[in-house]
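Working notes for the structure below.
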Amino acid sequence: MNKIYGWIPEFFNETSNLPSNMPTDLKEYIKEKEQKESHTMNTVWVSCEGENAADIENIGQIQYYPRRGFPGYYYPYENSEGYLSPLVAVHFERPVRGIIINVECKAWAYNIRHDNDRHERLGSVHFELMID
């Protein structure tokens with residue numbers, strides 16, 4: 001996503017028009033940022049969650065570092081010398097051990113389309129997590 005040449009994200013700068021399919025915890029997080037740190041609103045937000053009911057039950061708490069999205073100053077990508085790609089680390093605090101947990105992470109901006117049937121994985125990434 002960050003190396004799509006010339007792509008400029010359309011940020012969710014107002015919480016009054018967040019998409020209905022955005023996870024509730026992300027909506028609350030964005031609302032808090034809007035009130036307390038409005039200078040951070042130009043962000044491509046990130047959410048990760050279990051893909052189905054069992055995965056949601058087993059995934060546990062999730063933390064995002066250094067923040068819950070990609071800052072807007074990384075865009076547009078122009079292949080400039082010395083460019084560093086943005087990074088969001090996802091910490092699964094206490095996932096249930098010994099089972100495979102299907103995880104889906106999504107990037108959120110107005111102009112990021114998500115594939116509703118998960119066939120092409122547009123705007124998202126899938127991986128499986130298992131802790132022995």
Side-chain angles (χ1 to χ4, degrees):
M1 177 183 78
N2 63 305
K3 289 195 176 176
I4 301 171
Y5 190 84
W7 180 75
I8 300 172
E10 296 171 11
F11 304 110
F12 291 111
N13 285 331
E14 296 178 12
T15 57
S16 60
N17 53 2
L18 297 175
S20 60
N21 63 334
M22 181 182 277
T24 303
D25 68 313
L26 179 56
K27 287 181 185 180
E28 291 169 3
Y29 181 84
I30 294 170
K31 288 175 184 176
E32 182 180 314
K33 290 295 176 187
E34 182 182 43
Q35 292 174 357
K36 296 180 180 177
E37 300 175 36
S38 61
H39 64 281
T40 65
M41 291 299 289
N42 282 353
T43 297
V44 175
W45 302 103
V46 172
S47 67
C48 294
E49 57 190 359
E51 284 193 347
N52 57 53
D55 298 321
I56 292 167
E57 183 179 319
N58 294 317
I59 201 166
Q61 286 293 110
I62 301 172
Q63 297 295 323
Y64 303 83
Y65 299 100
R67 55 193 275 184
R68 195 167 178 177
F70 303 105
Y73 52 76
Y74 283 99
Y75 304 95
Y77 172 72
E78 295 175 340
N79 198 24
S80 54
E81 189 174 324
Y83 177 81
L84 297 175
S85 296
L87 173 74
V88 173
V90 181
H91 176 208
F92 300 93
E93 291 186 344
R94 286 196 165 77
V96 173
R97 293 175 173 266
I99 63 166
I100 294 175
I101 302 171
N102 294 291
V103 181
E104 181 177 50
C105 295
K106 291 182 178 181
W108 295 90
Y110 282 115
N111 54 344
I112 296 176
R113 204 175 94 228
H114 297 120
D115 186 14
N116 290 333
D117 66 7
R118 295 182 173 147
H119 178 65
E120 294 181 44
R121 298 274 176 204
L122 297 175
S124 68
V125 64
H126 163 87
F127 58 93
E128 295 173 356
L129 174 69
M130 183 172 164
I131 311 288
D132 283 336

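Keep in mind that what you see is a predicted model, and the values were worked out from it rather than measured.
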**Request:** Report yes or no: do Phe92 and Ile99 belong to one cluster of Ile/Leu/Val/Met/Phe/Trp/Tyr joined by side chain heavy-atom distances under 4.5 Å?
**Result:** yes

**Prompt:** Looking just at side-chain N and O atoms, do Arg67 and Thr43 make a donor-acceptor pair shorter than 3.5 Å?
**Reply:** yes

**Prompt:** Distance from Glu28 atom CD to Leu18 atom CG, nearest 0.5 Å?
**Reply:** 11.0 Å

**Request:** Scan for disulfide (SG to SG under 2.5 Å) pairs involving residues 47-112, sequence neighbours excluded, and state none if there are none.
**Result:** Cys48-Cys105

**Message:** Membership question, hydrophobic clusters at under 4.5 Å side-chain separation (ILVMFWY): are Ile56 and Ile100 in the same one?
**Reply:** no

**Complete:** Output for pair (Phe11 CZ, Thr40 OG1), nearest 0.5 Å, gives 11.5 Å

**Message:** Quick one, Lys27 with Thr15, criterion side-chain contact (heavy atoms from CB on, under 4.5 Å). Give me CA distance, side-chain angles, the key distance, then yes/no.
**Reply:** CA-CA 8 Å; Lys27 287 181 185 180; Thr15 57; over 6 Å; no

**Any His91 side-chain heavy atom under 4.5 Å of Tyr65 side chain** = yes

**Asked** Do Ser47 and Arg68 come close enough that some side-chain heavy atom pair is under 4.5 Å?
**Response** yes

**Item:** Cluster overlap Trp108 with Ile8, hydrophobic side-chain contacts below 4.5 Å
**Value:** no

**Request:** Look at the rings of Tyr5 and Tyr77 and say which category their plane angle falls in: under 30° parallel, 30 to 60° tilted, over 60° perpendicular.
**Result:** perpendicular

**Request:** Could you tell me the separation between the CG atom of Leu129 and the CG atom of Asn58, rounded to the nearest 0.5 Å?
**Result:** 10.5 Å

**Prompt:** Do Met41 and Glu34 pass the side-chain contact (heavy atoms from CB on, under 4.5 Å) test, and can you show the C-alpha distance, the side-chain angles, and the key distance before you say yes or no?
**Reply:** CA-CA 7 Å; Met41 291 299 289; Glu34 182 182 43; 3.9 Å; yes

**Message:** What I'd like to find out is whether the side chain of Glu49 reaches to under 4.5 Å of the side chain of Ile59, using heavy atoms alone.
**Reply:** no

**Message:** Please tell me whether Tyr64 and Trp45 are part of a single hydrophobic cluster in this structure, the criterion being side-chain heavy atoms less than 4.5 Å apart.
**Reply:** no

**Request:** Tell me whether Val96 is reachable from Val103 by hopping between hydrophobic residues (I, L, V, M, F, W, Y) whose side-chain heavy atoms are closer than 4.5 Å.
**Result:** yes

**Prompt:** If you look at every heavy atom in Pro86 and Phe70, which pair is closest and at what distance?
**Reply:** CB-CD2, 3.5 Å

**Message:** Could you check whether Trp7 and Tyr75 have their ring centres less than 6.0 Å apart?
**Reply:** yes

**Message:** Just so I know, are the side chains of Ile112 and Glu10 near enough to count as touching, which here means a heavy-atom distance under 4.5 Å?
**Reply:** no

**Pairing residues for Lys33 by the salt bridge (Lys or Arg N to Asp or Glu O under 4.0 Å) criterion, not counting sequence neighbours** = Glu37

**Prompt:** Is any side-chain heavy atom of Leu26 less than 4.5 Å from a side-chain heavy atom of Lys106?
**Reply:** no

**Request:** Kindly give the heavy-atom pair with the smallest separation between Ile101 and Asp55, and that separation in Å.
**Result:** CA-OD1, 3.7 Å

**Message:** For Tyr110, give me all partners under ring-ring contact (aromatic ring centres under 6.0 Å, His included), at least two apart in sequence or on another chain.
**Reply:** Phe12

